Amino acid sequence: QGNLGTSSWSYLVQGKDIYSFDNKALGKLRWKNSAFSEINNEPVVVHLPSGDRPHLFITTENGYLHRFDGKDGTHELLVSTRRDSCASDHLLASPVVQHSQNSNQQFNTALEQNKHANEDLVYVITQRGCGDETQNQVIAYYASSLQRAWAFNGAGEYAVGYGANSCTLDYTNNRLYCGTNIPQDRYQNSLWAIDTITGELVWAVNVGSVFASPVLFNNTLYVATYNADLLAFDLNGNELWKTKVTRLSNIIDSPVITVLAGESTPSIFVNDAGRRFYRIDEKNKQPELVWTAPSEQARASTPLVFDLK
């Protein structure tokens with residue numbers, strides 16, 4: 001959703017197309033445009049520091065990052081993340097945007113030193129093709145121009161699987177936390193902490209394949225793995241606890257963590273790819289399964305928790 005003055009607009013993607021609707025005119029279609037390739041995720045809507053209108057950042061299956069004008073739908077910029085040697089490099093995950101106005105002095109000082117003061121950064125995680133399952137990257141672009149700022153694993157220093165969902169941004173520590181796939185019969189890291197100023201690795205661990213975005217809550221990082229393990233880490237990469245949610249199915253959606261009314265410790269809600277929905281409470285810094293509920297559908301969405309306080 002985007003707003004400009006008293007206007008209010010919604011955005012929808014379907015296949016290769018992006019649609020904008022007027023929320024105050026009974027959902028009237030404002031504009032439609034195409035990204036020329038399948039969009040397998042959600043657009044990110046932001047107001048750039050120097051602009052007077054929202055912009056949409058979208059990744060497409062053919063490996064491009066796009067920027068659209070949220071007011072009139074103009075296709076403003078695009079940049080390819082594909083390697084010259086592989087036309088089948090993809091992007092699956094939504095981009096993530098770090099806003100300079102919400103960032104700390106350390107981040108903004110680094111931007112000024114690089115002659116990009118007041119810039120936002122856009123981050124994407126790749127899915128390499130051509131049989132390459134270990135040379136994926138996390139790439140940062142300046143939002144105003146889509147000029148590359150840095151690339152994590154740009155020289156292939158690490159074995160990095162593809163990212164199925166977007167990384168999680170930590171404004172306080174200027175970090176991205178990214179979960180990645182592990183190819184069959186390989187042993188490599190799959191949870192990564194990356195410095196958003198330099199693009200350098202802070203720490204990494206192997207937790208098994210991760211398709212869901214990690215979740216940051218109260219200075220603890222929670223991650224649900226494809227094999228249905230739920231883990232908690234401190235922000236230095238130390239494992240705090242680990243529990244098996246289920247042995248009957250996989251997890252591909254992020255958990256939701258909150259402190260419920262009348263409670264003092266976090267509750268974690270997560271669904272599996274089968275027909276089950278779980279509540280796990282963190283009691284005395286250890287996980288405790290509270291209940292399991294069936295779902296009528298073969299696969300539910302990421303849960304939404306609404307607490308009447």
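None of the values given here were measured: they were computed from a predicted structure.
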Side chains of Q188 and T134 only: does a donor on one sit below 3.5 Å from an acceptor on the other? no
For the residue pair Y226 and F211, categorise the inter-ring angle as parallel (less than 30°), tilted (30 to 60°) or perpendicular (more than 60°). tilted
Ignoring hydrogens, what is the shortest heavy-atom contact between P43 and I58? Give both atom names and the distance. CB-CG1, 3.6 Å
Could you tell me the separation between the OG atom of S20 and the CG atom of L29, rounded to the nearest 0.5 Å? 7.5 Å
E119 side chain to S144 side chain, donor-acceptor N/O pair below 3.5 angstrom: yes
Which word best sums up how the rings of W291 and F277 line up, parallel for under 30°, tilted for 30 to 60°, or perpendicular for over 60°? perpendicular
Salt bridge check: are D195 and R175 linked by an N-O gap of less than 4.0 Å? no
Quick one: do Y162 and E133 satisfy side-chain hydrogen bond (donor to acceptor under 3.5 Å, both in side chains)? Show the steps, please. CA-CA 7 Å; Y162 69 83; E133 298 185 275; over 6 Å; no
Is atom CG of N238 surrounded by more than 12 heavy atoms (other residues, nucleotides or ligands) closer than 6.0 Å? yes
Assess the pair W9 and Y19: is the distance between their ring centroids shorter than 6.0 Å? no
Between K283 and E263 (salt bridge meaning N to carboxylate O under 4.0 Å), is one present in this structure? yes
Taking all non-hydrogen atoms of both residues, which atom of E282 and which atom of Y222 are closest, and how far apart? OE1-OH, 2.9 Å
How far apart are the C-alpha atoms of L231 and E239, what are their side-chain angles, what is the distance that settles it, and do they pass the side chain to side chain contact (heavy atoms under 4.5 Å, CB included) test? CA-CA 7 Å; L231 302 95; E239 183 180 309; 3.7 Å; yes
Taking it one step at a time, do N23 and S8 satisfy side-chain hydrogen bond (donor to acceptor under 3.5 Å, both in side chains)? CA-CA 5 Å; N23 296 333; S8 177; 2.7 Å; yes
For the OH atom of Y171 and the CZ atom of F107, what is their distance to the nearest 0.5 Å? 8.0 Å
Any donor and acceptor pair, going by atom type alone, linking the side chain of S80 with main-chain N or O of R82 inside 3.5 Å? yes
Rounded to the nearest 0.5 Å, what separates atom CD in Q137 from atom OG1 in T81? 8.5 Å
How about Y11 and F68: are their ring centres within less than 6.0 Å of each other? no
Pairing of D229 and K244 as salt bridge, 4.0 angstrom limit: yes
Worked verdict on W150 versus Y141 for ring-ring contact (aromatic ring centres under 6.0 Å, His included): CA-CA 7 Å; W150 51 255; Y141 297 93; 9.4 Å; no
Give the minimum heavy-atom separation between P255 and A224, together with the two atoms involved. CD-CB, 4.1 Å
Between H75 and H66, is the gap from one ring center to the other below 6.0 Å? yes
Lys/Arg N to Asp/Glu carboxylate O, D72 vs R30, below 4.0 Å: no
